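Read through the structure below, which is laid out as C-alpha cells, and then see the notes.
None of the values given here were measured: they were computed from a predicted structure.
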Amino acid sequence: MAVPARGGRGSSSSFGGSALRNSSFPSYRIVISAAFSLLFLVTLSVILSSPHNRHRHSSISRTGTNYVHHTLLALNSDPLKTRLDLIHRQATDHVALVNAYAAYARKLKMDISRQVSIFDDLAKNFSDISAKPNYRASLFEAEGALDEDVLRQFEKEVKDRVKLARLIIAEAKENYDNQVKIQKLKDTIFAVQDQLVKAKKNGALASEIAARSIPKSLHCLAMRLVGEKISNPKKYRDDEPEAAFEDPSLYHYAIASDNVIAVSVVVNSVVKNAEEPWKHVFHVVTNRRIIAAMKVWFKMRPVKGGAHVEIKAVEDFSFLNSSYVPLLRQLDFAKKHSLISDNKSQGVGGRVPWDLDQVSMIDNLKFYLPEMYPKLHKILLLDDDVVVQKDLTEVWNIDLNGKVNGAVEICFGPFHRYIQYLNFSHPLIKEKFNPKSCAWAYGMNIFDLDAWRREKFTDEYHYWQNMNGDRTLWKSGTLAPGLVTFYSTTTPLDKSWHILGLGYNPSISMDEIKHAAVIHFNGNMKPWLDVALNQYKNLWTKYVDSEMEFVQMCNFGL
C-alpha cells in the first residue's frame with residue numbers, strides 16, 4: 001500500500017542548498033562529490049514524485065516498484081506511516097493465504113460452493129477496507145501527517161479480518177492437510193474400534209442374560225402345570241416304578257434339566273425317530289421346584305410308542321450330599337466364608353469367589369451316573385438342548401474298546417485343545433496332561449457304566465474336584481473336569497453322530513445338519529428363546545407339542 005509523497009523536491013532542494021552552503025572553500029574534490037550527490041537526489045525525487053505514484057490506487061501489493069516506493073517512503077516518514085506499512089503487510093499476507101486455499105479448494109473440488117465463496121469473500125474484505133473513502137483520504141492520499149485515530153480504527157478492522165481469516169483457515173486446514181486427514185482417520189478408526197469392543201461386550205452380556213433368564217412363556221407353562229396338579233391332586237398321583245427303569249436290555253437315556261418343554265422335545269425327537277420306541281427308557285432328573293410340572297406334563301401328554309419315562313428330583317438321590325460330593329462341600333465353604341460374589345474380589349486365602357450362576361448340581365449329575373443307575377450297563381447322556389434326527393440304537397453297539405466315554409471330538413487346528421480349558425501354568429496340570437490333546441463335547445455321550453465302576457472314575461473325578469478347591473485348575477463348567485476325569489479313556493465317535501454350534505454359529509452347512517444323528521443347540525441362542533437363530537429354529541419347533549393347551553395359552557410364538 002503506497003503512501004503518496006509530497007514535498008519531495010522541496011526536501012531535495014533544501015538538502016542541496018545546505019550542501020552548497022557548507023562548501024565555503026570549494027576544492028576540486030568537494031565540487032565533484034557535491035555534483036554527484038545533487039544528481040542522485042534529483043533522480044530520486046523524480047521517481048518518488050511521478051504521476052503514477054501520486055495517483056496510485058490503494059490496492060494491496062508488496063511487489064515491484066510499488067513495494068520499493070512504499071519502503072523508501074516509510075523510512076523517510078513518521079512512525080505512523082511505518083505502522084501503516086506493517087498493517088498493510090499483514091493484510092497482504094492473509095490475502096495471499098486465503099487465495100491459496102481458495103485455489104486448493106477449486107483444485108480438489110471440495111465443497112466448492114461454500115469453501116471457495118468464503119475465501120473469496122475474505123480476500124475482497126481486505127481490499128474493501130483500504131478502499132473506504134475515509135481511509136483512502138486520511139491514510140493513503142494524505143499530504144501531511146497521518147491521523148492517528150483513523151489509523152487506529154483501520155488497524156482494528158484489519159486485525160478483526162485477520163482473526164476471522166485465521167479461524168476459517170484453521171478449520172479448512174483439516175480438510176486440506178494430508179497429515180491432519182490421516183490422523184483424523186486414525187482417530188476415527190480407534191473410536192469405531194472402541195465402540196465395536198463395547199458393542200460386543202454389551203451384546204455378549206445381553207446374550208448371557210437372555211440365556212440365563214427364564215422366558216415368560218416357560219414360567220407360564222410351569223405355573224399352569226403346577227396349577228393343574230393342585231386342581232386335580234388325585235389325577236396326578238405318582239405311579240409305581242416300572243421294571244423297565246432297571247432293565248439293562250433296554251436303551252436307557254439320562255436327561256438332566258429344569259426346562260419342561262426342552263425335555264419334551266428331546267424325548268419326542270428320540271421316540272419319533274426310533275424303530276422300536278417301546279425299548280427306550282428316559283431317566284429325567286430335575287430340581288424339586290420343577291418336578292411337579294415335569295410329572296404333570298408327561299401325565300397329560302404321554303410318550304407315544306410305549307416308551308418309558310422316569311422323573312426324579314436331585315434330592316431323591318440321598319448320596320448326593322456335601323459329605324460325598326466335593327462340589328457341594330466347596331459350595332458350602334464358599335457360602336460360609338462369603339465367597340459367593342461377582343468374581344471381582346478375592347476370597348479367603350486368595351480363593352477365587354464362586355459364581356452360583358455357573359454352578360448347578362443338575363449339570364454335575366453326569367459324574368454320578370453309575371451310582372444313580374446301579375443296575376445298568378450302558379447309558380446315553382443327552383443334553384436338553386439337543387434334537388435327535390435318527391434312530392440311536394446303534395450307539396449302544398459301538399465298541400468303546402474298554403474305555404468309559406464315547407464322544408465326538410471338537411478340535412480343529414489349534415482350537416478346542418486341552419490348553420483352552422485347563423490352567424497349564426499349574427504344575428499338576430502341566431505334569432499330567434498334554435496341552436495339545438483334542439477336547440470332546442458333552443451333549444451326546446455313551447458311557448460304559450461297568451468300565452466306569454471297574455476303573456473307579458467317580459473317585460478320579462472327586463480327586464480332581466478336591467484339587468480344584470481354590471479354582472486354580474479350571475474356573476467353572478463341567479467340560480474341564482470331564483476332560484481331566486476321562487483323559488485317555490474316551491473313544492472318539494464319528495462326527496455325524498453329533499453336530500454342535502446351532503446356538504451360536506449361523507454358518508453350519510445344512511447338508512451336514514441333515515445327515516447328523518443329533519444336532520446340538522449349544523450356545524446362548526437357544527431355540528426356545530427369541531434370540532434363536534431363525535435358520536435352525538424349525539429343526540427344534542417341529543418336535544414341540546404345539547397342540548398342548550398350555551403351550552398355546554402361554555404364547556410360545558412357535
Side-chain angles (χ1 to χ4, degrees), residues 218 221-222 224-226 228-229 232-317 362 365-366 368-369 372-389 391-393 395-396 443-447 449 518 528 540 543-551:
L218 285 180
L221 179 62
R224 289 193 176 276
L225 290 169
V226 172
E228 173 69 15
K229 181 174 183 178
N232 303 282
K234 294 181 179 180
K235 183 179 179 180
Y236 298 103
R237 288 178 179 175
D238 291 340
D239 296 327
E240 293 295 325
E242 298 180 27
F245 295 163
E246 296 181 344
D247 187 350
S249 65
L250 302 179
Y251 305 111
H252 292 264
Y253 302 82
I255 306 172
S257 173
D258 58 0
N259 187 326
V260 176
I261 200 164
V263 171
S264 72
V265 167
V266 176
V267 173
N268 287 343
S269 65
V270 172
V271 171
K272 287 185 178 181
N273 291 285
E275 294 181 3
E276 299 175 313
W278 59 89
K279 291 185 178 181
H280 295 262
V281 182
F282 300 92
H283 302 273
V284 179
V285 183
T286 186
N287 56 45
R288 191 171 295 279
R289 179 174 56 86
I290 297 295
I291 189 169
M294 194 80 73
K295 287 182 177 181
V296 171
W297 173 279
F298 285 101
K299 280 278 189 177
M300 294 182 68
R301 312 300 288 183
V303 181
K304 297 179 181 180
H308 312 275
V309 179
E310 178 191 37
I311 301 173
K312 286 190 174 183
V314 174
E315 293 78 6
D316 292 334
F317 299 96
I362 289 180
L365 289 175
K366 56 177 65 77
Y368 298 97
L369 294 175
M372 294 169 66
Y373 308 107
K375 295 185 178 181
L376 301 183
H377 302 309
K378 284 186 177 182
I379 196 167
L380 183 65
L381 176 70
L382 294 178
D383 282 355
D384 65 354
D385 53 354
V386 304
V387 169
V388 177
Q389 302 185 125
D391 188 351
L392 296 181
T393 54
V395 176
W396 276 265
M444 193 212 78
N445 304 75
I446 182 69
F447 287 106
L449 300 182
V518 175
W528 54 82
W540 183 83
Y543 291 106
V544 175
D545 189 352
S546 56
E547 296 180 359
M548 201 274 191
E549 57 181 303
F550 292 157
V551 171

Closest heavy-atom pair and its distance - [X], [Y]:
X    : Y    : value
I362 : D258 : CD1-CB, 4.3 Å
P277 : G305 : CG-O, 3.6 Å
F282 : V270 : CZ-CG1, 3.5 Å
L376 : F245 : CD2-O, 4.2 Å
K279 : L250 : O-CB, 3.4 Å
F298 : S264 : CZ-CA, 4.1 Å

Quick check for you: to the nearest 0.5 Å, what is the distance between [X] atom [atom1] and [Y] atom [atom2]?
X    : Y    : atom1 : atom2 : answer
K272 : K304 : NZ    : NZ    : 6.0 Å
K366 : L381 : NZ    : CG    : 6.0 Å
L449 : Y373 : CG    : OH    : 10.5 Å
M300 : L225 : CE    : CG    : 7.0 Å

Aromatic ring proximity, centroids under 6.0 angstrom, F447 and W396 |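 Ring-ring flag for W396/F447: false, centres at least 6.0 Å apart.
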Do the two ring centres, one from H252 and one from H283, sit under 6.0 Å apart?
->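 That pair passes the under 6.0 Å test.
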side-chain contact (heavy atoms from CB on, under 4.5 Å) partner of W540, chosen from V266, I261, D385 =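 The single option meeting the side-chain contact (heavy atoms from CB on, under 4.5 Å) with W540 is I261.
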Donor-acceptor pair, [X] side chain versus [Y] backbone, under 3.5 Å?
X    : Y    : result
N445 : G443 : yes
N259 : A262 : yes
N287 : V314 : no
S269 : V387 : no

Between M444 and L382, is any pair of side-chain heavy atoms under 4.5 Å apart?
->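 Yes - at least one pair of side-chain heavy atoms lies under 4.5 Å apart.
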Please examine the side chains of E242 and E310, heavy atoms only from C-beta on, and report whether any two atoms are closer than 4.5 Å.
->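 A side-chain contact under 4.5 Å is absent here.
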Evaluate the ring planes of Y251 and H280, with Trp represented by its six-membered ring, and classify them as parallel (under 30°), tilted (30 to 60°) or perpendicular (over 60°).
->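 Tilted.
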Quick one: do K375 and D247 make a salt bridge, cutoff under 4.0 Å?
->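 No, no charged N to carboxylate O under 4.0 Å.
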